[in-house]
Amino acid sequence: MRRLLSLVLAALLALSIVGAVAEDNDEIVITYGKNFDYDGKTFIHDQTLENNYYTQYVKEKHNVRVEYAWVLDDDSQKDALAVVSGEMPDVMYVNQSVFDMLIEADMLQPITKAFAENANQYLREACESYPEAYAAATVKGELMAIPCATVKKQHQVVWVRQDWLDKLGLELPTTLDDIVNIAKAFIEQDPDGNGEKDTIGLPLDSTYIMGNFGRDFGADPIANYMGSYARQWYLDDNGDVVYGSLTPETRNALEYLAQLYADGVIDPQFAVREEKEAVISGKCGIFFGSWCTGPLRQSYGYDGADWVPVAAPLDENGYFYTTNPIPASSYLVVSKKCEHPEAVIWALGDSYEFHRFLSGDPEWDAKITEYQTAGVSWTIMPFEIQLENEDIVAVRGRDMKQMVETGDRTGVSAQNQSFYDAYLAWLDDNTSLTGWVRYKGMYLCCNVANYEKNVYKDHCFWGMTPTMSESWATLTSMEDEVFMKIVLGEVGIEAFDEFVEQWNAQGGEKITEEVQAWVDARS
């Protein structure tokens, strides 16, 4: 398999890299369907999605302008509609199932040549860093998309309010019992001091109770601790394919979560409440989230909220169980009708060149520093596709630890130094929220995510089989419904056994055979 991946990369990079100059060129306009949530996002200088430092840099470098066909906080239906209608903008950012549908409908333009001839150094290094992801985006020898290569160590850990622990005389959690007891204390002992019983325990994601890497508020730390890896294809000790949602361990995890819900440890309103609201409003003091969890910035300063991350629950030997992400979860695709695929590569490369302080121009470096200090989200760049080195979480944690604890910037990238500068600004002015988030996320939680006793479960498959294309939507909907009903106590745990039978009977058994054949062919 490694040899195949090497050949794919060689094909992409074989052509000489040529520069392009915007001067003397007419403006190129690229249409794009953008997935963007304005909630909690910061804009400065009256900038917009259409006019900001990222778009200005792309315009200056290559005279490319991106027009948005739509801007939605969940554009999955728009993406699917584009497939059905046969009409799509020049570019879309789609999930695996839509990518597969676009391939089958022959609506995508191969970008092998455009990438090889126009990718800048940053994009080429990203390609080399994620061979499995770029192989997943390659069909019949042609690169059909730029994959969103997922960054490791973005798994969920426990976030807990240290100020509430101190008030109640409690210690940071390490075990599962600790987490449950802290949640109960936060419910029962009035940690916010308002004399009312209005605080909750553990909030949960109302869409995915567990098994969705990268989402906050999942119960994955509990489920993984119990040996459950829902929604994940992996290999057992015999090399046989397992779909983690069907295992006895997942049954046990659901039964345990149902008991926590019945006992009031899990937020009684989680099925109808937006999870982050309890955190932002100061009514929650413990939840599961990654190093870059969203609600922290908005909860800053609420009654002295002091959030601290910790790797928990640990087993008796101190191990923390989690999962690695799939190599690629989504794809930037180019329509067959796009007249300038090279402009897509330029715009993407230019955005990251600016974002990563690689412009070589002090004026542009000052502008991205301004963004970093103000906490402007990188997702305002024209194409909001994540293209980071896979070890970036560990590196940021290491660099921030070095700078925060010693002040030494030796060997630290300009971008990571900008995060430290934001932290220093917070020390001088505690209303500088970006610095507080950098301290909590990059200094504390990146290092917690890099815990030396992490045990990872790897995916063996993340694509789409022939039977999946027909049955997967029905099967996942069934899974979502049954898992929710079990946790809410609307059905007993025996419903899990019925679910497994129905899942296999309605195409799941055939899908498992197809996944096993796919794995066997590549082993």
Side-chain angles (χ1 to χ4, degrees), residues 38-45 47 52-54 151 153-154 157-166 172 216 276 279-282 285 287 289-310 354-357 362 364-381 386 388 392-450:
Y38 282 94
D39 187 27
K41 299 298 192 301
T42 297
F43 287 88
I44 61 175
H45 306 315
Q47 293 180 356
N52 56 67
Y53 290 154
Y54 288 106
V151 174
K153 298 186 178 177
Q154 299 204 81
V157 297
V158 174
W159 283 93
V160 60
R161 281 187 62 164
Q162 182 68 59
D163 53 308
W164 282 11
L165 292 176
D166 293 343
L172 289 170
D216 294 328
K276 66 181 180 181
V279 175
I280 296 170
S281 66
F287 71 95
S290 68
W291 73 270
C292 54
T293 186
L296 289 186
R297 181 184 181 90
Q298 294 161 285
S299 71
Y300 176 82
Y302 194 97
D303 292 337
D306 181 19
W307 290 98
V308 177
V310 60
F354 168 64
H355 181 66
R356 295 305 298 271
F357 294 80
W364 284 110
D365 286 352
K367 289 178 179 180
I368 189 60
T369 297
E370 188 179 2
Y371 269 6
Q372 300 291 2
T373 302
V376 176
S377 173
W378 65 274
T379 58
I380 72 169
M381 68 171 58
Q386 180 173 266
E388 303 283 9
I392 193 168
V393 172
V395 171
R396 282 178 175 169
R398 180 201 67 200
D399 286 353
M400 284 294 285
K401 182 178 179 68
Q402 172 182 312
M403 292 183 290
V404 169
E405 296 182 2
T406 70
D408 181 11
R409 299 175 182 242
T410 304
V412 178
S413 69
Q415 185 182 47
N416 287 358
Q417 288 188 49
S418 74
F419 301 144
Y420 177 60
D421 289 335
Y423 160 74
L424 294 178
W426 169 64
L427 293 182
D428 290 336
D429 176 7
N430 64 8
T431 65
S432 181
L433 304 188
T434 299
W436 182 78
V437 173
R438 301 304 187 213
Y439 174 77
K440 293 294 184 180
M442 293 181 183
Y443 171 54
L444 294 182
C445 200
C446 282
N447 285 297
V448 167
N450 201 32

Looking at CZ of R409 and CG of N416, how far apart are the two atoms once the value is rounded to the nearest 0.5 Å?
-> 11.0 Å
Full working for side chain to side chain contact (heavy atoms under 4.5 Å, CB included) between Y54 and I368 | CA-CA 9 Å; Y54 288 106; I368 189 60; 3.8 Å; yes
Counting only N and O atoms by type, is there a donor-acceptor contact under 3.5 Å from the side chain of D216 to the main-chain atoms of S290?
-> yes
Judged by modelled atom types alone, do D421 and Q417 share a side-chain donor-acceptor pair under 3.5 Å?
-> no
Which atom pair, heavy atoms only, marks the closest approach of R396 to C446?
-> CB-SG, 4.4 Å
Rounded to the nearest 0.5 Å, how far does CH2 of W164 lie from CH2 of W307?
-> 7.0 Å
Which atom pair, heavy atoms only, marks the closest approach of N447 to G397?
-> ND2-O, 3.0 Å
List in chain and number order the residues that pass salt bridge (charged side-chain N to carboxylate O under 4.0 Å, His left out) with K401, two or more places apart in sequence or in another chain; answer none if no residue qualifies.
-> E405
Yes or no on side chain to side chain contact (heavy atoms under 4.5 Å, CB included) for V376 and Q47, after CA distance, side-chain angles and deciding distance?
-> CA-CA 11 Å; V376 176; Q47 293 180 356; over 6 Å; no
Hey, is the main chain of T373 close enough, under 3.5 Å, to the side chain of T434 for a donor-acceptor pair?
-> yes
Please examine the side chains of D399 and F419, heavy atoms only from C-beta on, and report whether any two atoms are closer than 4.5 Å.
-> no
Is W291 close to V157 at the side-chain level, that is, under 4.5 Å between some pair of heavy atoms?
-> no
Rounded to the nearest 0.5 Å, how far apart are CD of Q386 and OG1 of T379?
-> 11.0 Å
Nearest heavy-atom pair of F357 and T369: which atoms, and what distance?
-> CE2-OG1, 3.2 Å
Are any of the side-chain heavy atoms of F354 and K367 separated by less than 4.5 Å?
-> yes
is_close_aromatic(Y423, Y443), centroid dist under 6.0 Å = no
Enter the distance from S413:OG to I392:CD1 here, rounded to the nearest 0.5 Å.
-> 8.0 Å
Any chance you could lay out the side chain to side chain contact (heavy atoms under 4.5 Å, CB included) test for N52 and H45, step after step, and finish with the verdict?
-> CA-CA 9 Å; N52 56 67; H45 306 315; over 6 Å; no
For the atom pair CD (Q154) and SG (C445), what is the distance rounded to the nearest 0.5 Å?
-> 10.5 Å
Are side-chain heavy atoms of W426 and R438 found at a separation under 4.5 Å?
-> no
With distance as the sole test, does Q402 use its side chain to make a donor-acceptor pair with the main-chain N or O of T410 at under 3.5 Å?
-> yes
Which atom of A449 lies closest to which atom of K153, heavy atoms considered | CB-O, 3.5 Å
Minimum heavy-atom distance W436-A305, with the two atoms named = CZ2-O, 4.0 Å
For K440, salt bridge (charged side-chain N to carboxylate O under 4.0 Å, His left out) partners two or more places apart | D306
Test item: L424 and Y439 side chains (from C-beta on) under 4.5 Å apart, heavy atoms | no
Can you tell me how far the NZ atom of K276 sits from the CG atom of D39, to the nearest 0.5 Å?
-> 3.5 Å
Would you check if the side chain of Y371 reaches a backbone N or O of Y53 as a donor-acceptor pair within less than 3.5 Å?
-> yes
Beyond-backbone contact of M403 with M442, side-chain heavy atoms, under 4.5 angstrom = no
